[in-house]
Amino acid sequence: RDNPNSIRDNLVYDVFEIDGIFYCGTATGLDALIREADKFVHYFPTGGVGFAVHDIFYDSKQRLWLGTSAGLYLFDITNKSFTEYPTIESSTEKDFIYRIAEDHNGDLWIGAKQGLRRLDHLTLKPIGLTGNGINNTRLEESWVKSVYCDRNGNIWIGTQGRGASKYEPSTETVTTYQKSNDKDGIA
């Protein structure tokens, strides 16, 4: 039978270390390697239903966020509990989340199968993405697989099938880079 002290799944999407504990995001949930005890501990949200953990992100406020196949979760390291956070305004729909990044203001930018999302750092509520740049590129509908916040405040987005984009929040403009058949062009 299965060893309860081993990692729950061999498909590991992300690994992150905090205070000597290695958190592993697997296809079936969140596991933590307790090295002193030489065992893994398995964490489940209330109800015991597992989900794939694609991204483990530790923000500037020392909170551990999980991007999962069932939405965005905050994992309380002390209480070992999960709190779900919606990523879409006025919706109960759950996003399939691939990546989480934090901008210089502390807002979280979330790459999801259903599009680009943003979570306010003070209210922890979703912020609607507006401006012609976002609306015209349909980033809010693209399958976003990666997100990166650069030192200039730009948000870089990698998509499945729509190339890479740079969103400039200060001007609400988007520049998209896609495969070009033009030998002199880059986008």
Side-chain angles (χ1 to χ4, degrees), residues 2 4-19 21-34 39-103 106-129 139-149 155-162 167:
D2 291 337
N5 294 323
S6 72
I7 194 165
R8 184 179 11 195
D9 199 299
N10 286 330
L11 181 51
V12 178
Y13 294 109
D14 203 5
V15 177
F16 193 84
E17 187 256 340
I18 303 171
D19 298 329
I21 297 174
F22 285 87
Y23 292 91
C24 299
T26 76
T28 54
L30 181 67
D31 286 2
L33 174 60
I34 313 301
K39 72 174 190 172
F40 279 90
V41 176
H42 316 293
Y43 299 109
F44 299 96
T46 304
V49 178
F51 41 60
V53 176
H54 286 269
D55 194 24
I56 301 171
F57 183 77
Y58 197 60
D59 72 11
S60 62
K61 294 179 177 70
Q62 300 181 343
R63 298 178 295 198
L64 191 66
W65 294 95
L66 306 175
T68 79
S69 58
L72 179 68
Y73 285 82
L74 181 61
F75 181 70
D76 185 316
I77 297 169
T78 305
N79 298 323
K80 313 296 187 229
S81 62
F82 294 83
T83 303
E84 183 179 3
Y85 284 87
T87 55
I88 304 170
E89 292 177 294
S90 307
S91 176
T92 57
E93 181 183 343
K94 294 180 187 278
D95 275 331
F96 190 113
I97 296 174
Y98 283 95
R99 287 290 168 257
I100 304 165
E102 183 177 20
D103 66 20
D107 289 347
L108 295 182
W109 290 83
I110 299 153
K113 186 174 184 180
Q114 299 85 343
L116 181 65
R117 308 288 188 235
R118 185 176 176 188
L119 197 70
D120 182 273
H121 72 284
L122 295 175
T123 65
L124 298 180
K125 294 186 189 257
I127 299 171
L129 299 177
L139 279 174
E140 74 283 358
E141 299 170 10
S142 295
W143 185 342
V144 177
K145 303 230 26 184
S146 61
V147 180
Y148 174 74
C149 302
I155 313 302
W156 290 85
I157 302 112
T159 68
Q160 173 132 349
R162 291 194 180 171
Y167 174 58

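Everything numeric in this text was worked out from a predicted model, so none of it was measured.
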Minimum heavy-atom distance between Arg99 and Lys145, given as atom pair plus value: CG-O, 3.2 Å

Please tell me if the side chains of Ile100 and Leu72 come closer than 4.5 Å, counting only heavy atoms from C-beta onward. yes

Given Asp76 and Thr83, is the side chain to side chain contact (heavy atoms under 4.5 Å, CB included) satisfied, shown in steps? CA-CA 8 Å; Asp76 185 316; Thr83 303; over 6 Å; no

Does atom CG of Asn10 have more than 12 heavy-atom neighbours from other groups under 6.0 Å away? no

Taking only residues two or more places apart in sequence or in another chain, which ones pass side chain to side chain donor-acceptor pair (under 3.5 Å) with Thr68? none

What's the shortest heavy-atom distance between Tyr13 and Ala27, and which atoms? CE1-CA, 3.7 Å

Ile110 vs Asp95 side-chain heavy atoms within contact, under 4.5 Å: no

With sequence neighbours left out, write down each residue that passes salt bridge (charged side-chain N to carboxylate O under 4.0 Å, His left out) with Asp103, or none if nothing qualifies. none

Under 3.5 Å, is there a donor-acceptor pair between the side chain of Glu102 and the main chain of Ser60? yes

Atom CG of Asp107 and atom CD1 of Ile127: how far apart are they, to the nearest 0.5 Å? 4.5 Å

Is a donor on one side and an acceptor on the other found under 3.5 Å between the side chain of Asn5 and the backbone of Phe40? no

Option passing side-chain contact (heavy atoms from CB on, under 4.5 Å) with Tyr73 (candidates Phe82, Tyr85, Trp65): Phe82

Any residue meeting side chain to side chain donor-acceptor pair (under 3.5 Å) with Thr123, in chain and number order, not counting sequence neighbours: Asp120

For residues 4-15, which residue pairs pass the salt bridge (charged side-chain N to carboxylate O under 4.0 Å, His left out) check, not counting sequence neighbours? Arg8-Asp31

Between atom CD of Gln114 and atom CZ of Phe96, what is the distance when rounded to the nearest 0.5 Å? 8.5 Å

Heavy-atom pair with the smallest gap, counting every atom of Pro86 and Leu119: O-CD1, 3.7 Å

Return the set of residues passing salt bridge (charged side-chain N to carboxylate O under 4.0 Å, His left out) with Asp59 (not counting sequence neighbours), or none when no residue passes. Arg63

Side chain proximity check, Ile155 to Val147, heavy atoms < 4.5 angstrom: yes

What distance do Leu124 atom CG and Leu108 atom CG have between them, rounded to the nearest 0.5 Å? 7.5 Å

Please check this pair: side chain of His42 against backbone of Pro4, looking for a donor-acceptor N/O pair closer than 3.5 Å. yes

Determine the minimum heavy-atom distance between Gly25 and Ile56, stating which atoms define it. N-CD1, 3.4 Å

Taken in chain and number order and not counting sequence neighbours, the residues that satisfy side-chain contact (heavy atoms from CB on, under 4.5 Å) with Ile77 are Ile18, Tyr23, Tyr58, Leu64, Phe75, Lys80

Which value, rounded to the nearest 0.5 Å, describes the distance between Tyr98 atom OH and Gln160 atom CD? 7.0 Å

Minimal heavy-atom distance between Ile21 and Ala32, with the atoms involved, is CG2-CB, 3.8 Å

